Amino acid sequence: MAAERYDAPKREKHWQAAWEERGIFRASEADTRPKYYVLEMFPYPSGRIHMGHVRNYTMGDVVARYMRAKGHNVLHPMGWDAFGLPAENAAIERGVHPAKWTYDNIAAMRGQLKSMGLSLDWTRELATCDLDYYHQQQRLFLDLLKAGLVDRKTRKVNWDPVDRTVLANEQVIDGRGWRSGALVEQREQPEWVFKITDYAEDLLQALERLERWPDKVRLMQANWIGRSEGLLVRFAVAGSAPDGHDIIEVFTTRPDTLFGASFVAISPDHPLAKTIAERSAEARSFIEECHHHGTSAAALETLEKKGLDTALRVRHPLIEGATLPVFIANFILMEYGTGAVFGCPAHDQRDLEFARAYGLPVIPVVLPPGEDAKTFTIGDAAYTGDGTMINSGFLDGLDVAAAKEAVADRLVKTKLKGKAAAARQVQYRLRDWGISRQRYWGCPIPMIHCPSCGIVPVPESDLPVKLPDDVSFDRPGNPLDHHPTWSRVTCPQCGGKATRETDTMDTFVDSSWYFARFCAPKSTEPTDIAATGYWLPVDQYIGGVEHAILHLLYARFFTRAMHKTGHALIDEPFRGLFTQGMVTHETYKDVHGKWLLPEEVRKEGGSAVHAKTGEPIVVGAIESMSKSKKNVVDPETIIAAYGADTARWFMLSDTPPERDIEWSAGGVEGAHRFLQRVWRLVHEVAAKTKAAAKPQGFGAEAEALRRAAHRSTAAVTAAIEKLRFNTAVAQIYELANALSLSLQSAGPHPSPDMAYALREAAELLARIASPMVPHLAEECWAALGHKTLLAEHPWPTPESALLLEETVTIAVQVNGKRRDELTIARDAAKEDIEAAALKLENVVRAVGGRKIKKIVVVPQRIVNVVA
RNA sequence: GCCCCAGUGGCGGAAUUGGUAGACGCGGCAGACUCAAAAUCUGUUGUCGGCAACGACGUGCUGGUUCGAGUCCGGCCUGGGGCACCA
């Protein structure tokens, strides 16, 4: 006889051991079933899993288990994004070696993930800090180098003074380091870059074909790449020009406004500006001043437009004899376009502010619709809309688009010092990916600096470049620079004394190809082409939106790079992407304004008090769980108390997976109660019925239960396919409710047809719930007398005859207002539906004897009587 | 400033994509069981009027298209996200 309650924490261990013993989650390429690769973004081994992990991995596991049951050969691996700063911080703060800290954390988190009952192939586990992994990554780096995809550039970099490292643009948020939160400084420094801009156009174009990606993510990436079409215009310097600067190139998206140009401005970092600074103290101090201001949004907001007249003049390309002054201006970025612009104050806000400050002409050249050319003037706001060209010579009368074309056509054909005066050009906002980090705990860049040969790659036979174990963290900066011997090597070309590159790679490189390594994690090559050819692309990738740009763009680039270097056969790594929402919780503060953990708070009626002192508590906003606000709940505690299935069920219930979910104690209780209820229901069915052959016929009640069970099966199937887990959960509730009602009305001794229907419904309940609550499902499956594992059973197919009702209920409206409803044969003819509807008492009353103008009949849906 | 998304009961949300708004869950209320509590079970629960049948109103606001609008179109309000001196 069954116990009163289901002891989930205990039984879950049993089922996990049973799955493990059968090795059913191990994936093999030698399989004839269609492949399916499910991947969740691998975790950083911080030491403990958090609720965000629980949500992410539960969703992935539902997909993995469902696809397996659907007859796919499923790859569902797990690994660790294990390089990165926190390990070094731990070393600094606690004196633990980063490797030990990391591997200890991995061990702890592996145990926690295992307690969730995830259907993972643990034989493929990898950590990016494994020597084998970063060895292969160094080989990839060298292959990318050979393919011309790696460059060394000295450029202005974002320097994080707290973490003492360079950051990629993507890692600077509001002028601050994404990890340290420190104000980022600008520095000129040589660094290694991946030439992601080579693929700017392709990365943009291919977004259109990523149909199973959220539109939001595709849009964010498109904006980040930031394509704009325009014209590269060459301005000739009038009179004598500084050496090599007789032409100033300017990129513009508004060549139509060229007749309204009143100045040219160059960036303080423009080569011409530097040349001028060599002879002008005034220019030197101005440039110096420009470098001083920060780049944060707030700093830019208040920054005045400032410039310095260089005394140089350039010839206007379209107006014979006209010249424009050349300024060095603080608002021109060297990083975008050519680092120089022409200013048309009437139609660009920045140019207008600048022109007003320096008394430059403001010439309107685009006339807004409805304005009179004689009276139209520009006030405080530049006009950026469409209109008719004026004051523009041969452009007059054209609209903006036509004028752009006309200017381009003419200048492309005009010769200027032997070359075309202009060229059509496309510019991108995207910059090359700087991967150099001045840190210890990362993949060493396999390069050597030789005083006589320059920079030479480490020969592949000398790989891996292994991180030294004996490092100290007692000084700020890069421990690799401080190591007494590590960086001293002989040059592989000349054999002379040389030094190693001490920069390590951005950890986003590590996560740009791990999905490929999972296909053959033990391969002696970076990737095994047979295995990646089989498994890739990832069919369903699941992770947080916070990676919508950084990680996902890098991985898309890197896959192209691997394709080019023969390490992959595809360009797009992730066919389907799903970005799940965050886990949130109420925040609590005590009377002293100190944050409190949820477990320190007790709810009493409508108010909250301190669990120990009874002092009142201020309940704050619902925010995403974070240690700093203490609104965190530890998954381990929940799993120990309620079992993994409760945590999983909660994560999937109620809230759509892409939205933020609010974790609450009440919600957990509710989830747990429901799982107990399912357990009781199934055990009651098992006790009251025996497995038997399908009866010849079914009574009305048994038939109704069967319909409910098969309908729920179909609905859950459709919901999981669309990753709408919350509606799948609701369907399972409905089936449980139907089963519960039938069980009661069937009494202690159900008739044979009802017994069959009850058992069938209980089995279907267990089967359709199994991807979400796999342990409980196994328990129920066993209770119903099965000796096999449900995890190895195929997904149920509902009987189609049970999905269609013979009669349907359709609403009847009069003049668009619902007045009654009508139950009629599913395939009833239109005329019959019409006739039946008109006989309804409520309809007759609502019509009130008026003349019927029209009757709209949508079979199986609605009737609308228009009177 | 530019681009995008979302507003539905007390709450999370559902609605076959133009066809009965509020499925399912949480919470509330009433009841059964119990000495009592917990657990469990049953009923009820958008608002207003009515004993009821029923009626009116109702998907942020506003106007429109349609036999019919939560869903489509225009304008506005609020909240959220992304980018941001990008030429």
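Here is the naming used below: chain letters follow the sequence lines, and residue numbers restart at 1 for every chain. From a predicted model like this one, the values you see are computed outputs, not experimental measurements.
Residues passing the side-chain contact (heavy atoms from CB on, under 4.5 Å) test with A:Ser262 are A:Pro345, A:Leu360, A:Pro361, sequence neighbours excluded. In this view, A:Ala769 and A:Ile732, A:Val773 satisfy the side-chain contact (heavy atoms from CB on, under 4.5 Å) rule, not counting sequence neighbours. When the side-chain contact (heavy atoms from CB on, under 4.5 Å) test is applied to A:Val814, the partners found at least two apart in sequence or on another chain are A:Arg819, A:Val843, A:Ala846, A:Val847, A:Val865.
Under the 3.5 Å distance criterion, the side-chain polar atoms of A:Arg707 are matched with a main-chain donor or acceptor of A:Leu804. Side chain of A:Gln221 to backbone of A:Ala548: a donor-acceptor contact under 3.5 angstrom is found. Judged by distance alone, the side chain of A:Asn631 and the main-chain N or O of A:Ser626 form a donor-acceptor pair under 3.5 Å. No donor-acceptor pair under 3.5 Å is formed between the side chain of A:Asp820 and the backbone N or O of A:Leu840. A donor-acceptor pair is defined here as one N or O able to donate and one able to accept, closer than 3.5 Å; no such pair exists between the side chain of A:Asp660 and the backbone of A:Ser624. In terms of modelled atom types and a separation under 3.5 Å, the side chain of A:His683 and the main chain of A:Trp679 share a donor-acceptor contact.
Remark: nothing in residues 712-721 of chain A comes within less than 4.0 Å of RNA chain B through any heavy atom. Within residues 332-348 of chain A, the residues having any heavy atom closer than 4.0 Å to RNA chain B are, in order of number, A:Ile332, A:Leu333, A:Tyr336, A:Val341.
Partner assigned to B:rG55 is B:rC48, using Watson-Crick or G-U wobble distances below 3.5 angstrom. When both pairing distances are held under 3.5 Å, B:rU16 makes no Watson-Crick or G-U pair with any nucleotide shown. Remark: B:rG31 base-pairs with B:rC41; criterion is Watson-Crick or G-U wobble with both hydrogen-bond distances under 3.5 Å. Base-pair partner of B:rC72: B:rG64 (Watson-Crick or G-U wobble, both distances under 3.5 Å).
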Could you list the protein-to-nucleotides 44-54 of chain B atom pairs, N/O on both sides, closer than 3.5 Å?
none

I'd like a table of atom pairs between the protein and nucleotides 38-42 of chain B - only N or O on both sides, under 3.5 Å - with the distance next to each one.
from	atom 1	to	atom 2	distance (Å)
B:rU40	O3'	A:Arg680	NH2	3.2
B:rC41	OP1	A:Arg677	NE	3.2
B:rC41	O3'	A:Gln744	NE2	3.3

Under 3.5 Å between N/O atoms: give me all the protein pairs with nucleotides 3-11 of chain B, atom names plus distance.
none

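With respect to A:Glu721 and A:Arg724, no salt bridge is recorded, no charged nitrogen being found less than 4.0 Å from a carboxylate O. A:Lys688 and A:Glu684 are joined by a salt bridge, as a carboxylate oxygen and a charged side-chain nitrogen come within less than 4.0 angstrom of each other. In summary, A:Glu734 and A:Arg711 do not engage in a salt bridge, as defined by a charged side-chain N under 4.0 Å from a carboxylate O.
For the pair A:Arg254 CZ and B:rA87 P, the computed distance is 11 Å after rounding to whole Å.
Between A:Phe674 and A:Trp649, the two ring planes are parallel [angle under 30°; tilted spans 30° to 60°].
In this structure, A:Arg429 satisfies the cation-pi test against A:Trp224, with its NZ or CZ atom closer than 6.0 Å to the six-membered ring centre and inside 45 degrees of the ring normal.
A donor and an acceptor atom never sit less than 3.5 Å apart when one is taken from the side chain of A:Lys853 and the other from the base of B:rC67.
Residue pairs that meet the side chain to side chain donor-acceptor pair (under 3.5 Å) test with at least one member in residues 736-745 of chain A, sequence neighbours left out, are A:Arg677-A:Asn737, A:Glu701-A:Ser745. Within the structure, side chain to side chain donor-acceptor pair (under 3.5 Å) pairs that include any residue of residues 334-358 of chain A comprise A:Ser228-A:Tyr336 (at least two apart or interchain).
Contact annotation for A:Thr253: backbone-only contact, meaning every heavy-atom pair under 4.0 Å involves sugar-phosphate atoms and none involves a base. Counting any heavy atom pair closer than 4.0 Å across all strands shown, A:Asn737 reaches sugar-phosphate atoms only and no base atom.
Proximity of the aromatic rings of A:Trp663 and A:Phe650 is defined here by a centroid distance below 6.0 angstrom, and this criterion is met.
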**Prompt:** How does protein contact run along nucleotides 17-23 of chain B, one letter per nucleotide 5' to 3', with B for base contact, S for sugar-phosphate only, - for none, heavy atoms under 4.0 Å?
**Reply:** --BB--B
Donor-acceptor pairs are to be reported for all side-chain atoms of residues 852-861 of chain A against protein atoms at under 3.5 Å, with residues two or more places apart or in another chain.
from	atom 1	to	atom 2	distance (Å)
A:Gln860	OE1	A:Arg826	NH2	3.1

